[in-house]
Amino acid sequence: MRSALLALALGLLSLPASAQLFSPGAPPVFKEEDLDRRFAKSKVHAVLLKGTHDPNCVQVVGGLLTLLGETAPYFHKRDENFYLDPALIQALNLQLSNARFPGTTYFVSMVRRVLIDRKLSQEWLGTATALSPYYPVMDLSKLRFLAEGVKPVDSFLLTLPVLRERYTVEVVKANSAAASTAEGMFRDAYIDRDVVFGGLEFIDAAMEKKKKPKKRRGVPVEEEPPAMIARLVWYPPDPNAGRINPFGIPTQKPKGVNVTARLAEKQFLNIDQVPKGSRMLVRGRLWEYKKGITQVEVRDALLFEDRDWSQGALLADPNATAACPVAFNDLTGIAPTQPGGFGQRR
């Protein structure tokens with residue numbers, strides 16, 4: 001089955017304008033369809049509701065719930081597509097799918113169920129919690145976040161690399177006729193957006209109090225209360241990585257983007273247990289930036305672990321998928337060539 005159902009941000013870094021990054025109208029509305037009703041009667045859904053003691057099915061259901069958690073932070077308002085790391089797509093297709101079990105279709109059905117209900121059901125969360133000791137790769141913090149309601153960002157396409165690229169195109173390279181207003185227009189287009197930024201290195205987190213702002217004439221200045229502030233950095237790919245340097249000439253590493261995240265009071269991850277140097281993902285409101293996108297500030301931020309799947313992902317033994325008694329196609333009426341993520345074919 002082709003991976004048309006999953007929109008990959010990696011291939012969309014050259015979008016010409018902010019209008020194509022965001023939805024021009026209202027966010028998509030997800031309504032129950034025939035596929036959703038069939039999924040509700042499936043054996044896989046029954047296991048999601050009640051759990052399983054079959055070790056083979058633990059791998060299948062644990063893998064599907066892991067994928068659901070990994071895509072949850074990227075739900076967005078732009079369109080009906082959702083994002084999943086390419087390595088996880090490969091694992092879904094090779095490890096959780098076979099001739100009798102279209103795992104991709106079941107995964108899409110799970111995503112649709114969550115988006116229709118606007119949250120992850122407590123029964124599914126209970127099953128995930130019960131399976132987690134036997135399936136440690138699952139990220140329960142992301143599933144707990146999803147159980148409190150779907151909170152989509154404006155667009156998962158707005159990554160830090162894209163933000164920097166758009167700044168270069170729209171501000172730095174603006175012609176003389178547009179130069180005087182380019183910065184303001186860029187700010188209007190991108191600031192005050194709900195964003196998700198991944199691939200960040202965790203520097204530290206501590207309770208901080210903002211410096212008292214200077215008083216303006218006759219205007220009272222409200223002092224912000226202390227808040228937990230996380231400091232992170234995103235490094236662009238090093239163009240010299242992997243190159244042979246026979247003369248040992250020092251090369252300058254690309255400068256990173258410093259990210260200041262003013263954390264929301266409630267977190268789904270225990271911040272106290274995050275080691276420095278961890279790879280993290282931040283969700284929140286893009287509040288401010290410095291010229292050149294050297295620094296950005298995100299408010300009402302949530303932190304999650306951002307696992308690096310680039311070396312591959314082991315979600316299930318294909319033999320376990322084949323041996324799981326509920327891993328068969330009981331979604332009757334499914335055609336051999338599956339539709340796209342939400343009914344769109346490629």
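What you are looking at is a predicted structure, and each value in this text was computed from that prediction instead of being measured.
- A salt bridge does not link Lys43 with Asp330: none of the charged nitrogens is closer than 4.0 Å to a carboxylate oxygen.
- In this structure, the side chains of Arg78 and Phe156 stay at 4.5 Å or more apart for every pair of heavy atoms.
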Quiz item: Can you list the steps and then say if Gln122 with Leu125 is a side chain to side chain contact (heavy atoms under 4.5 Å, CB included)?
Solution: CA-CA 5 Å; Gln122 288 300 316; Leu125 180 60; 3.9 Å; yes

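- Applying ring-ring contact (aromatic ring centres under 6.0 Å, His included) to Tyr74 and the options Tyr83, Phe197, Phe304, Phe82 leaves one that passes, Tyr83.
- Remark: the backbone N or O of Asp317 is paired with a side-chain donor or acceptor of Gln59 at under 3.5 angstrom.
- Summarising the geometry of Thr104 relative to Asn93, their closest heavy-atom pair is OG1-OD1, 3.0 Å, with the distance given to 0.1 Å.
- Side-chain atoms of Asn258 do not come within 3.5 Å of backbone N or O of Gln295 as any donor-acceptor pair.
- Phe328 shares a hydrophobic cluster with no other residue; no ILVMFWY side chain has heavy atoms under 4.5 Å from its own.
- Linking ILVMFWY residues whenever their side-chain heavy atoms come closer than 4.5 Å, directly or via other members, places Leu48 and Tyr134 in the same cluster.
- Side-chain atoms of Ser42 and Leu331, non-hydrogen and from C-beta on, do get closer than 4.5 Å to each other.
- Residues Glu183 and Tyr167 bring a donor and an acceptor atom of their side chains to less than 3.5 Å of each other.
- Every pair passing ring pair (Phe, Tyr, Trp, His ring centres under 6.0 Å) that includes a residue from residues 263-285 is listed here, sequence neighbours excluded: Phe145-Phe268.
- Under the 6.0 Å distance and 45° angle rule, Arg112 does not count as a cation-pi partner of Phe39.
- Asp54 is linked by a side-chain contact (heavy atoms from CB on, under 4.5 Å) to Thr52, Asn56, Cys57, Pro325, counting only residues two or more places apart in sequence or in another chain.
- Ile229 is not connected to Met280 by any chain of hydrophobic side-chain contacts under 4.5 Å among Ile, Leu, Val, Met, Phe, Trp and Tyr, and they are in different clusters.
- Taking Ile, Leu, Val, Met, Phe, Trp and Tyr as hydrophobic and joining them when side-chain heavy atoms fall under 4.5 Å apart, one finds Tyr235 in a cluster with Ile203, Val233.
- Taking 4.0 Å as the cut-off between side-chain N and carboxylate O, Asp192 and Arg285 count as a salt-bridged pair.
- Counting non-hydrogen atoms of other residues, nucleotides and ligands closer than 6.0 Å to CD of Gln90 gives a total of 12 or fewer.
- Separating the CE atom in Met138 from the CD atom in Glu70 is a distance of 11.0 Å, to the nearest 0.5 Å.
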Self-check item: Pair Gln267-Met228, side chain to side chain contact (heavy atoms under 4.5 Å, CB included): steps then yes or no
Solution: CA-CA 11 Å; Gln267 295 289 314; Met228 182 67 75; over 6 Å; no

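- Between Val162 and Leu157 the shortest side-chain heavy-atom distance does not fall below 4.5 Å.
- A donor-acceptor pair is defined here as one N or O able to donate and one able to accept, closer than 3.5 Å; such a pair exists between the side chain of Gln95 and the backbone of Ala313.
- Residues Tyr106 and Phe101 place their aromatic rings such that the two centres sit under 6.0 Å apart.
- A salt bridge (charged side-chain N to carboxylate O under 4.0 Å, His left out) with Arg231 is found for one member of Glu201, Glu208, Glu297 and no other, namely Glu208.
- Both Val282 and Ile271 are assigned to one and the same hydrophobic cluster, defined by single-linkage of ILVMFWY side chains at heavy-atom distances under 4.5 Å.
- No continuous path of hydrophobic side-chain contacts links Leu94 to Val137 [ILVMFWY only; heavy atoms under 4.5 Å].
- Contact between Arg118 and Pro152 at its shortest, heavy atoms only, is NH2-CD, 4.0 Å.
- Side-chain contact between Val296 and Leu160: present, with at least one pair of heavy atoms (C-beta onward) separated by less than 4.5 Å.
- Ionic pairing of Glu288 and Arg187 is present here: one or more N-O contacts between side-chain nitrogen and carboxylate oxygen are shorter than 4.0 angstrom.
- What you find for Cys324 and Val60 is that their closest heavy atoms are CB-CG2, 3.9 Å.
- Sorted pairs that involve residues 71-115 and meet disulfide bond (SG atoms under 2.5 Å apart), not counting sequence neighbours, are lacking altogether.
- Counting non-hydrogen atoms of other residues, nucleotides and ligands closer than 6.0 Å to NZ of Lys151 gives a total above 12.
- Residue Leu232 comes nearest to Ala261 through the heavy atom pair CD1-CB, 4.1 Å, listed as atom of the first residue, atom of the second, then distance.
- In this structure, Leu65 is a member of the same hydrophobic cluster as Leu49, with clusters built from ILVMFWY side-chain heavy atoms closer than 4.5 Å.
- Between Gln20 and Ser155 there is no side-chain heavy-atom pair separated by less than 4.5 Å.
- The two residues Val153 and Pro73 have their closest heavy-atom pair at CG1-O, 4.3 Å.
- Side-chain contact between Val195 and Asp154: absent, with no pair of heavy atoms (C-beta onward) separated by less than 4.5 Å.
- Under the 4.5 Å side-chain criterion, counting only non-hydrogen atoms from C-beta, Ser109 is in contact with Leu35.
- Contact of the Lys255 side chain with the Thr294 side chain is not registered, since no non-hydrogen atoms from C-beta on lie closer than 4.5 Å.
- Contact record, Gly103 with Leu64: O-CD2, 4.1 Å, taken as the closest heavy-atom pair.
- Proximity of a side-chain donor or acceptor of Arg283 to a complementary backbone N or O of Leu302 within less than 3.5 Å is not detected.
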Quiz item: Thr71 and Lys142: side chain to side chain contact (heavy atoms under 4.5 Å, CB included), yes or no, with the steps?
Solution: CA-CA 9 Å; Thr71 197; Lys142 292 171 183 171; over 6 Å; no

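- Tyr135 meets the ring-ring contact (aromatic ring centres under 6.0 Å, His included) test with no other residue; sequence neighbours excluded.
- A salt bridge does not link Glu123 to Lys50: none of the charged side-chain nitrogens sits closer than 4.0 Å to a carboxylate oxygen.
- A distance-only check finds no donor-acceptor pair linking the side chain of Arg262 to the backbone of Ala227 [under 3.5 Å].
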Quiz item: Given Leu68 and Leu120, is the side chain to side chain contact (heavy atoms under 4.5 Å, CB included) satisfied, shown in steps?
Solution: CA-CA 10 Å; Leu68 185 61; Leu120 178 75; 3.7 Å; yes

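- Checking side-chain atoms of Arg100 against main-chain N and O of Asn329 turns up no donor-acceptor pair under 3.5 Å.
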